[in-house]
Amino acid sequence: MSTGYILANDAFRDWLNILRNEFTVIGPVLKKRGPIVFEEIQDAGDLHLDYCSTMLGPRKFIYPPTQRLFRIDNQNHRVTTIEPADAGNAVIFAVRPCDMQAISVLDRTFLGDIEDFYYRKLREETLTVVLNCNRACDAGFCESMGAGPFLRLEDGYDLEMTSMGENYLIEIGSRRGEGLIEKAVHRKEAASGDYETKDDLQRKAIASFTKHLETAGLPELLMRNLDHPVYRETAEARCLGCTNCTMVCPTCYCYDIEDDMSFDLTVTERRRHWDSCQELHFARVHGGNFRSSREARLRQFVTHKLATWVEQYGCFGCVGCGRCMTWCPTGIDLTEMAKRIQQDFETGRARWWAYS
Amino acid sequence: MSEPQHIEVEYLARVEGEAGFRIVLDSQPDIELRIFEPPRFFEGFLVGRKYHEVGDIVSRICGICPVSHMTTAIQAIEKAMGIQVSEQTVLLRKIFSLSQIAASHLIHLYMLAMPDYYGFPGVVQMIPGHKPHLDRLIRMKEAMNGLTALIGGRALHPVTNVPGGFTHIPRPEDFASVLKEIKAIRKDAEQAVRDIAALEVPDFHSDSVYVALYDETEYATNQGRIVSTSGLDISVDQYPDFFVESQVHYAYAKQTVLEGGTPIMVGALARLNIKFDKLQQKTRDLAADVGFAVPDCNPFHNNLAQALEVFDAIERCIQLIESHAFRDEEFKVEIRGGEGGSATEAPRGLLYHWYCIDRRGVVEKANLVTPTSHNFLNIEKDLKQLVAENRKQDREAIRLLCEKTVRAYDPCFSCSVH
Amino acid sequence: MGTGKRIGIFKYSSCAGCQFQLFYFQHYVLETIQAVDIVYCKMLQSGGEEDGPFDLALIEGAITEQWQADQLKRIRERSELLAPIGSCAVCGGVPAIKNTAHELDAQRRVYEDISVVHSLKAHPVDHYVRVDGYVRGCPPGVRDLAELVKSLLLNKTPRFLDYSVCVECKLEEAICVLVAYQEPCMGPVTNAGCGALCPSRGRACYGCWGPMKDANAKALADRFERMGLGREEIYRRFTEFGEPTVEWKPGQVKP
Amino acid sequence: MNPLEPRRALVREKIQENRETYSLTLSLADHDHFSYRPGQFNMLGLPGMGEAPFSFSSLHLERGRFTHTIREAGSLTRSICQLAAGDILSIRGPYGNEWPLEKAKGRHLIIVGGGIGIAPLRPVIRHALGNGEEYGRLYFLLGARTEDDLLFREEFEKLTAGRDGTLLMTVDRGEKKELSHIREGLVTALLDEIDVDPEESITFTCGPELMMRFVARQLIQMGQDPYDIFVSMERRMKCGIAHCGHCQIGAMYVCKDGPIFPYGDIKRFADTML
Ligand SMILES: Cc1cc2nc3c(=O)[nH]c(=O)nc-3n(C[C@H](O)[C@H](O)[C@H](O)COP(=O)(O)OP(=O)(O)OC[C@H]3O[C@@H](n4cnc5c(N)ncnc54)[C@H](O)[C@@H]3O)c2cc1C
Ligand code: SF4
Ligand code: SF4
Ligand code: SF4
């Protein structure tokens with residue numbers, strides 16, 4: 001069992017304010033009109049820990065929506081890398097387990113065989129403190145996807161927190177995390193009873209889920225039913241092609257690269273920004289577009305998250321955070337689509353043989 | 001008897017919108033200002049639109065004074081629907097209007113009018129020899145547009161100004177950074193006044209009636225009474241009883257005159273003639289320094305009047321912003337029927353909007369009277385007088401003089417035909 | 001002067017805002033104007049070569065009179081490239097709201113004597129001639145205008161944004177006003193470019209950049225209806241900036 | 001190391017192949033190490049214009065030089081084709097997998113190319129002709145829209161003359177004067193002229209996806225194993241290193257798992273024309 005500490009709620013706030021002297025402390029903050037947004041906090045009191053999920057996850061600090069890559073001298077084509085505007089030494093507090101899992105999923109893309117320079121840098125400079133969920137949120141199904149409600153990762157994070165009413169149980173995930181907790185003045189070592197309380201909370205949290213998705217055999221089923229009518233019907237009746245689903249998805253990694261040249265045509269800045277398979281141009285090449293229909297684009301989203309990701313990276317591309325359905329203006333729910341195919345399979349209306 | 005001679009200018013360049021004119025060179029010169037800017041029928045299609053769309057739609061009447069149309073319409077609708085707005089909203093709208101008046105004047109002065117005086121076809125040709133002028137223009141314009149954009153979201157066709165108030169209030173730090181830029185152009189504005197004052201303009205005296213909004217306490221922009229140099233002094237609600245709009249066969253714009261047929265002049269010169277004493281002391285001193293005094297009846301001095309207004313607007317914006325702590329505000333609009341009008345000072349002068357709204361908040365009737373409609377007959381009157389006075393000159397000189405005169409009024413044909 | 005690229009700028013039924021935005025887009029202005037040869041632009045300079053030829057013709061405004069359509073066709077013949085700039089020219093914009101009313105009624109509400117008026121149904125430029133690209137927006141944004149000018153100088157096909165305003169909302173982290181506050185936002189069917197101006201300033205997008213290609217207007221209209229918006233309200237939203245467009249037609253079910 | 005950071009390459013030589021296609025021979029400008037295998041590609045770029053993938057059309061490095069054959073399709077390709085010897089462009093790569101020449105050893109080799117797709121096949125054609133003893137019979141079936149579009153025609157004619165490779169060419173629209181040995185019609189028609197057992201052969205094909213579809217389907221009908229047919233796929237690409245997501249076909253990244261795929265493997269996914 002890992003070493004854990006207990007911090008009373010007051011001591012937790014003191015600790016945050018101590019960390020602020022040394023780090024950029026980021027966390028969920030309540031905004032005017034109600035939304036919660038991850039941003040730098042000026043005081044521990046700004047932190048709004050009782051939240052379900054934010055529109056954009058903490059992904060934006062490690063893989064920002066837009067990023068400047070290079071400056072290129074147009075004359076001699078010499079390239080200068082623009083270092084990522086560093087979050088400096090940032091600590092992100094209260095990362096939900098699903099979002100932590102999502103970052104580890106992103107790691108598989110950007111820190112795989114070939115490492116993305118910018119991602120690597122920001123990932124290294126950003127510490128992550130996970131906050132376990134004591135109850136399910138309305139749209140969430142992380143439990144089904146093996147991503148929550150309590151942290152399921154072995155590594156790749158720095159600290160894990162559990163709110164236990166009057167105090168927090170804080171467990172260590174990395175050496176750097178250990179360094180952080182050592183700065184907490186009034187910490188005391190956790191006792192076995194504390195871990196029992198945690199297990200109890202976890203059981204309760206798991207029991208609170210109303211939304212489930214059966215994942216066994218799902219990738220195969222989806223790949224066998226690529227022409228299932230659910231895609232066309234949903235695409236026609238409800239999908240706006242607006243890309244909200246993929247923009248808010250914490251595991252989506254696609255990007256586009258754009259060159260911007262100065263007006264005197266001497267310098268080029270090469271940038272990248274989040275792109276989405278729901279955009280019309282995404283699969284366009286000279287002479288055609290491989291996903292010109294909204295149906296094809298919607299299918300790409302669903303099958304990538306729930307099927308082909310597994311073949312690519314050995315994990316699901318969906319962590320069950322519920323964002324895509326929450327922020328889809330028409331409430332399209334990919335689990336509903338998957339479930340319809342599963343039901344059709346049970347009643348014999350979907351294929352079990354290989355798609356050809 | 002020989003045929004009367006004509007001068008036809010098919011197309012008047014460097015004005016906002018599309019118009020030409022035809023001059024009959026006779027002992028009794030006749031003038032037709034042919035405004036062929038195609039009508040878009042705003043008053044026609046606003047009927048049936050919802051109250052909250054009107055500001056966004058009428059903003060598209062004019063790309064140079066969108067703030068004025070938007071604000072005037074919204075004020076009229078607020079009046080019709082009995083919506084009260086906060087003091088902060090009134091103040092913000094004032095700054096908003098002033099910033100746009102300054103930016104609009106600057107474009108007119110430097111890009112449309114100035115080439116005339118330097119003898120260039122346009123501003124592009126001025127770049128090599130007169131770069132400092134243009135750099136100054138850009139600095140000033142950027143700062144003032146920056147202020148409009150800060151408040152409105154963008155300088156052209158802003159989005160935050162809606163019935164009831166502003167949907168977004170800039171943060172203090174954003175005001176501070178724009179303020180810094182505005183302070184940096186004070187000197188430029190003074191120089192602009194001196195540059196314009198140094199231009200040689202035709203000596204011309206026009207007997208005109210000037211009309212502007214007037215307020216005891218300040219140099220009125222969005223509120224006040226409608227006052228003329230001929231003794232008119234009415235509330236905005238009385239506007240329809242004292243102004244008459246009529247269609248002419250050669251123009252899509254209508255002519256608006258005072259009851260009884262008197263042509264009027266509105267705009268910067270009219271404003272100075274009516275409320276010079278409400279300008280800030282600094283501006284009045286500068287005016288005296290460059291030799292400007294009211295009453296001034298030379299329409300070519302409208303340009304100088306505009307430059308003085310730019311200077312004044314910049315100072316006032318600085319004061320107004322510094323005197324207030326801006327805060328987020330909540331507001332709610334209740335839909336109610338009614339009628340209401342509003343008049344404001346657009347860059348080119350008095351602008352009037354009137355709406356009748358039904359109980360679902362839908363527009364039943366709309367009436368819009370623009371500065372250029374107000375000026376229309378006066379421009380023709382001045383042209384006639386000028387042509388009569390200069391009949392001896394050659395035709396080319398007369399044509400140029402006439403073009404200059406029209407441009408001095410800074411007419412906006414997109415507004416006039418809407 | 002400049003690269004010798006000859007540009008002609010023409011104004012039809014519009015507010016002239018696009019031209020203002022083009023010439024006065026801040027500190028780039030002087031560099032822009034100098035980098036190309038503006039051989040025809042009535043609002044900028046007297047004279048000029050109305051008949052071209054042009055490397056690039058920019059058209060502002062909707063087409064509402066026959067002479068405009070005729071001239072437009074002539075310009076097309078004399079231009080290597082032709083692009084509508086601004087919503088009026090791209091998708092009908094505000095001038096096309098009049099198409100929602102009976103033409104003569106709309107005219108009579110404005111003029112006593114309509115015999116001198118020769119207005120046609122408002123159409124975008126591509127209704128009459130082939131176009132090489134669209135500079136969207138009301139007014140067009142600095143990004144797209146800069147892209148246009150630079151592309152001309154570089155001899156490259158300009159890349160205008162073709163996705164929805166929602167994308168910009170996310171890039172800017174503007175909270176979705178449709179989902180969070182139930183405001184009828186046109187963002188999902190509206191072409192990006194404004195930087196999510198309205199949603200990030202606390203109001204719903206009203207569609208001023210006109211339709212996104214492949215917009216699903218029907219699905220959004222249905223969504224509005226489920227939110228309790230009346231047919232008339234929905235109709236108005238889809239006709240404020242895109243009356244003559246096929247993309248928004250499915251949202252324009254007459255009440 | 002930043003994998004998105006391009007290196008600089010110098011244009012050494014440019015040859016116009018036809019109306020809209022040029023071959024550019026390049027070498028790295030800064031004496032960096034470089035090596036590649038046929039079938040792979042580079043991301044070539046110009047500031048302001050961006051980057052795009054281009055296959056090698058040369059067999060192997062000669063004096064540090066390699067060749068890309070590029071068709072003018074848009075702004076970037078047009079600008080690259082306008083470069084002259086001595087000009088600089090940016091380069092990243094090589095990326096992607098190679099033609100499975102090992103797997104073809106001891107078997108008959110059928111190569112089917114269409115249009116600009118002939119370019120990436122040129123190195124394998126040259127390799128096969130240079131190492132004829134390693135393979136059974138060699139078939140080179142090339143198709144294009146017009147005669148002018150038949151890339152490297154003379155080169156291939158020369159190389160195959162007097163050897164045991166069979167070169168068959170076809171065009172969609174032919175001009176009668178030179179039609180002596182070039183047929184009119186679809187490239188699939190040439191498959192009928194193959195007189196080896198498809199089961200004992202291996203196929204490499206590159207060209208429009210529709211063409212590859214008909215080629216593959218016909219060969220499968222003729223008895224070839226779908227896993228013995230190798231297709232080279234084209235997709236939009238921004239990064240070339242399996243990060244940007246654009247080139248995904250189902251679970252495959254064209255840039256990393258491809259661009260060359262066994263037909264049977266890539267066919268199972270949606271959104272192709274195969
Ligand atoms: C693995 C691979 C190898 C290739 N090898 C060759 C070759 O040897 N010779 C050759 O001439 N062409 C080759 N291509 C195709 C070549 O990359 C495209 O023709 C090129 O991207 C067109 O770019 P452009 O900027 O000139 O055209 P653009 O002006 O960008 O537009 C042309 C069209 O291509 C699309 N496009 C834009 N960027 C890309 C991109 N990165 N990849 C694909 N499509 C894009 C656009 O959407 C547009 O529809 C290859 C493509 C791939 C994927
Ligand atoms: S958010 Fe919804 S409507 Fe928009 S693209 Fe995604 S699934 Fe379609
Ligand atoms: S392909 Fe689509 S679903 Fe997959 S990572 Fe990219 S944007 Fe997300
Ligand atoms: S959000 Fe919509 S209405 Fe607002 S500026 Fe952008 S496109 Fe125009």
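All values below come from the heavy atoms of this structure, side chains included, with hydrogens, waters and symmetry mates left out. The sequence lines fix the lettering, A, B, ..., with proteins before strands; numbering per chain opens at 1.
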| task | Go through the steps for F41(B) and Q107(C) under the test side-chain contact (heavy atoms from CB on, under 4.5 Å), then give the verdict. | result | CA-CA 6 Å; F41(B) 307 100; Q107(C) 295 188 6; 3.5 Å; yes
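Heavy-atom pairs under 4.5 Å with chain C were tallied for P66(B), A366(B), A103(B), G63(B); the largest tally goes to G63(B). Heavy-atom pairs under 4.5 Å with chain B peak, among G61(C), S14(C), C18(C), at S14(C). Contact count against chain C (heavy-atom pairs under 4.5 Å) is highest for Y252(B) among Y252(B), F166(B), F413(B). Counting heavy-atom pairs under 4.5 Å between each of R108(C), E232(C), K11(C), H118(C) and chain B puts K11(C) at the top. Top candidate by heavy-atom pairs under 4.5 Å with chain C, chosen from P38(B), C62(B), P115(B), is P38(B). Most heavy-atom pairs under 4.5 Å with chain B: of the set F241(C), W67(C), Y12(C), Y111(C), this distinction falls to Y111(C). Per-residue counts of heavy-atom pairs under 4.5 Å with chain C were compared for L368(B), V417(B), L46(B), D56(B); the largest is that of D56(B).
Within the model, atoms CD of E233(C) and CZ of R360(B) stand 9.0 Å from one another, a figure rounded to the nearest 0.5 Å. Rounding to the nearest 0.5 Å gives a distance of 8.5 Å between CG of L156(B) and CZ of F20(C). Rounding to the nearest 0.5 Å gives a distance of 8.0 Å between CZ of F42(B) and SG of C15(C). In this structure, Q21(C) CD and N145(B) CG are separated by 8.5 Å, a value rounded to the nearest 0.5 Å.
Checking D105(C), T239(C), N99(C), V94(C) one by one against F45(B), the side-chain contact (heavy atoms from CB on, under 4.5 Å) holds for a single residue, V94(C). The only member of C208(C), S87(C), C88(C), P95(C) that meets side-chain contact (heavy atoms from CB on, under 4.5 Å) when paired with R60(B) is C208(C).
Residue contact with chain C, scored on non-hydrogen atoms closer than 4.5 Å, involves the side chain of H52(B) exclusively. When heavy atoms are compared at a cutoff of 4.5 Å, I64(B) approaches chain C by way of both its backbone and its side chain. If you measure heavy-atom distances from T64(C) to chain B, the contacts under 4.5 Å come from the side chain alone. With a 4.5 Å cut-off on non-hydrogen atoms, E50(C) does not touch chain B at all. Neither the backbone nor the side chain of E403(B) comes within contact range of chain C; no heavy atoms are under 4.5 Å apart. Heavy-atom distances place the backbone of S200(C), and not its side chain, under 4.5 Å from chain B. If you measure heavy-atom distances from E65(C) to chain B, the contacts under 4.5 Å come from the side chain alone.
Using a 4.0 Å cut-off between a side-chain N of Lys or Arg and a carboxylate O of Asp or Glu, E53(B) and R237(C) do not qualify as a salt bridge.
Contact check for R49(B) versus R236(C): side-chain heavy atoms found under the 4.5 Å cut-off.
In this structure, K254(B) contributes its side chain and V110(C) its backbone to a donor-acceptor pair below 3.5 Å. Not a single donor-acceptor pair under 3.5 Å links the side chain of R203(C) to the backbone N or O of H168(B).
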